[in-house]
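Everything numeric in this text was worked out from a predicted model, so none of it was measured. Below, chain A is the first sequence line, B the second, and so on; all start at residue 1.
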There are 2 protein chains.
Amino acid sequence: MSTVFPKPTHDHGRCVDDAMAEAERACREGGARLTPQRRQVLAIVLESHQPIGAYDVLARMNAAGGRTAPITVYRALDFLMTQGLVHRLASRIAFIACSLPDRHETGGGGGQNAQGDGAQFLICGDCGTVAEMTDRRIETAIRERARTAGFIVSAPVVEVEGTCPNCAGASDG
Amino acid sequence: MSTVFPKPTHDHGRCVDDAMAEAERACREGGARLTPQRRQVLAIVLESHQPIGAYDVLARMNAAGGRTAPITVYRALDFLMTQGLVHRLASRIAFIACSLPDRHETGGGGGQNAQGDGAQFLICGDCGTVAEMTDRRIETAIRERARTAGFIVSAPVVEVEGTCPNCAGASDG
DNA sequence: CAACAATTTGTTATGTTGTAACATTTACGC
DNA sequence: GCGTAAATGTTACAACATAACAAATTGTTG
C-alpha cells in the first residue's frame, strides 16, 4: 500500500518542522519573503492534516487576544498558495498545507504554481484527513480526454471524497 | 474530436426543451415531484451552458418583481441535485444543468446521485462554457490509485479549468 | 544617512454564499 | 373531510471573501 496517507502514529512535530524548514528554503531560493505573519499562518495550516477554514486560521491567530482581520489571513494564504506551500480545497472551502516539497517552485522556472496545479487530493469524509499525490496516470487520462474534446487544460482540480485507510480499518475489519 | 462541448451554433431552444422533457420523465418515473418552482429553477439553470450562481438564479426569479428568498433557491437546487438534474461546481461555487440524461437515476437503483457522482467537467476559463463527461479511463485511474493508497472512493470531483475548442480556435488558429 | 520605490500590513466596511428555525400552505392516501 | 407528509414562506443569521485606502516596513540608490 502506498504511503500517501499520513499515519496517525507519525511524528507530527518533525513533520511540521521539516515542512517549515522546506518552506523557508523554497522562499529564500525563490526570493519570496516568508514574513513572521505568513510563517504563523503556515504553521497553523500545518498543525493538522485536515483542511482548515480561513476563519478558523483567523480564530487561532486571535486566540491570544489579537485583532487580526480576515483579509490579513486571506493575504497570507494567497501568498502561500502562490509559493505552492498551501492548497485550497474547493470542495471543502478550506486550506491544506502542501505535502510534496519537491513541488515548491523556487523561481520563474517551469510551471505556474497557483492552484489546481496538477495535484490530486484524497479527502476522508470520516476523519477529514487529506492525502496529496501527483499521479501521472490520472493526469494523463484527464489531459488526453480533454485533448480529444479539443480542450486545452490549464488547471485540473481532482478532489476525491471517500474513506481513508485508518477509518476503513477501524470500522470495516 | 468528441462532441462534449456544446457548439455555439446548436439549437439551444430544443436543447432546453429536450432537457426539460427528460427531467419530467425522470422525476415521474422516480416518484419525485417536479413542482412549478423547481421547474422554474431548472429552466433558469438550463438557460446557458455556463454555470450560474444561486444568487443569480434568485435574481432571475425576482426579475419580474417576485419576493423569493435565497433559501427557496437552495432548496430547489438541492432537490435538482438529488435527482441528478443539476450539478454543483465547487471550483466555481456555481451550478450547471446535467447534460447526460442517461444519468438521471429514476428510483432506488444502483448508485447514489448526490453530487460528485463520477462525472467530469471541463470548464472554459475564457467563455465559461462547461462540458460534462463520464470518462471511464479517468475514473478508473482515480479509483485504482485510491485503492493503492487504501482509500475507498465515494465521490470523485474532477473539474478541469482550461480553454474550450471555440475559444482556442478564435485566438490560436 | 536621506530619499524614494516597492512590498507588506492595518483598518474599516461591505459583498457574496449558504443555513437555521419555525410558521404556513399544499398535495396525497384513506 | 381528515390526518400526514412534503413543499413553501418568512425572518434572521452564519460563514466565506474582497474592496478601498492609510500606514508601516523593507530594500535600493546616491
Q: Starting at CZ of Arg39(A) and ending at P of dT9(C), how long is that distance when rounded to a whole Å?
A: 11 Å
Q: Specify the separation, in whole Å, of atom CZ of Arg92(B) and atom C1' of dA17(D).
A: 17 Å
Q: Let me know the distance between CD of Gln40(A) and P of dG10(C), rounded to the nearest Å.
A: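 So the two atoms are 10 Å apart, to the nearest Å.
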Q: Show, in sequence, the C-alpha distance, side-chain angles and deciding distance for Ser154(B) and Glu161(A), and conclude whether the side chain to side chain donor-acceptor pair (under 3.5 Å) test is met.
A: CA-CA 6 Å; Ser154(B) 68; Glu161(A) 194 85 18; over 6 Å; no
Q: Which of these nucleotides, dT17(C), dT11(C), dG9(D), is closest to any side-chain atom of Gln37(B)?
A: dG9(D)
Q: Using OP1 and OP2 only, check whether a side-chain N or O of Tyr74(B) sits under 4.0 Å from dG18(C).
A: yes
Q: How long is the line joining CZ of Phe79(B) and P of dT19(C), in whole Å?
A: 18 Å
Q: Pick the closest DNA chain D nucleotide for Arg33(B) and for Pro70(B) by heavy atoms, then say which residue is nearer the 5' end.
A: Arg33(B)
Q: Using whole Å, report how far CG of Leu58(A) lies from P of dT11(C).
A: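 Whole-Å distance recorded here is 13 Å.
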Q: Give a yes or no on whether a salt bridge exists between Glu22(B) and Arg25(B), defined as a side-chain N under 4.0 angstrom from a carboxylate O.
A: yes
Q: What is the distance from CG of Asn62(B) to P of dT10(D), rounded to the nearest Å?
A: 11 Å
Q: Answer yes or no as to whether dC16(D) has its base stacked against Tyr55(A), where stacking requires a ring-centre separation under 5.5 angstrom and planes under 30 degrees apart.
A: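 Answer is yes, a stack.
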Q: With a 4.0 Å limit, can you tell me whether Arg67(A) has a side-chain N or O closer than that to the phosphate oxygens OP1/OP2 of dG10(C)?
A: no
Q: Taking the inter-plane angle between the rings of Tyr74(B) and Phe95(B) on a 0 to 90° scale, is it parallel (under 30°), tilted (30 to 60°) or perpendicular (over 60°)?
A: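 If you compare the ring of Tyr74(B) with that of Phe95(B), the planes turn out perpendicular.
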Q: What about Leu100(A) and Val157(A), same hydrophobic cluster or not, with Ile/Leu/Val/Met/Phe/Trp/Tyr joined at side-chain heavy-atom distances under 4.5 Å?
A: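 Shared cluster, no.
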Q: Between dG15(C) atom C1' and Asp56(B) atom CG, what is the distance in whole Å?
A: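 Computing the Asp56(B):CG to dG15(C):C1' distance gives 13 Å.
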Q: Below 4.0 angstrom from OP1 or OP2 of dG9(D), is there any side-chain N or O of Thr68(B)?
A: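 No, no such contact exists.
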Q: Name the residue closer to the 5' end of DNA chain D, choosing between Arg38(B) and Ile93(B) according to the nucleotide with the nearest heavy atom.
A: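 Result: Arg38(B).
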Q: Hey, are Arg92(A) and Glu159(A) close enough for a salt bridge, meaning a charged N less than 4.0 Å from a carboxylate O?
A: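 No salt bridge links Arg92(A) with Glu159(A).
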Q: With a non-hydrogen cut-off below 4.0 angstrom, is Ile71(A) in contact with a base, only sugar-phosphate, or nothing?
A: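 It contacts base atoms.
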Q: So, is Arg75(A) near the phosphate of dT18(D), with a side-chain N or O under 4.0 Å from OP1 or OP2?
A: no
Q: Please state how far atom CD in Gln83(B) lies from atom C1' in dA7(D), giving the value in whole angstrom units.
A: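 Result: 14 Å.
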Q: To the side chain of Thr72(B), which of dA7(D), dA17(D), dT10(D) is closest?
A: dT10(D)
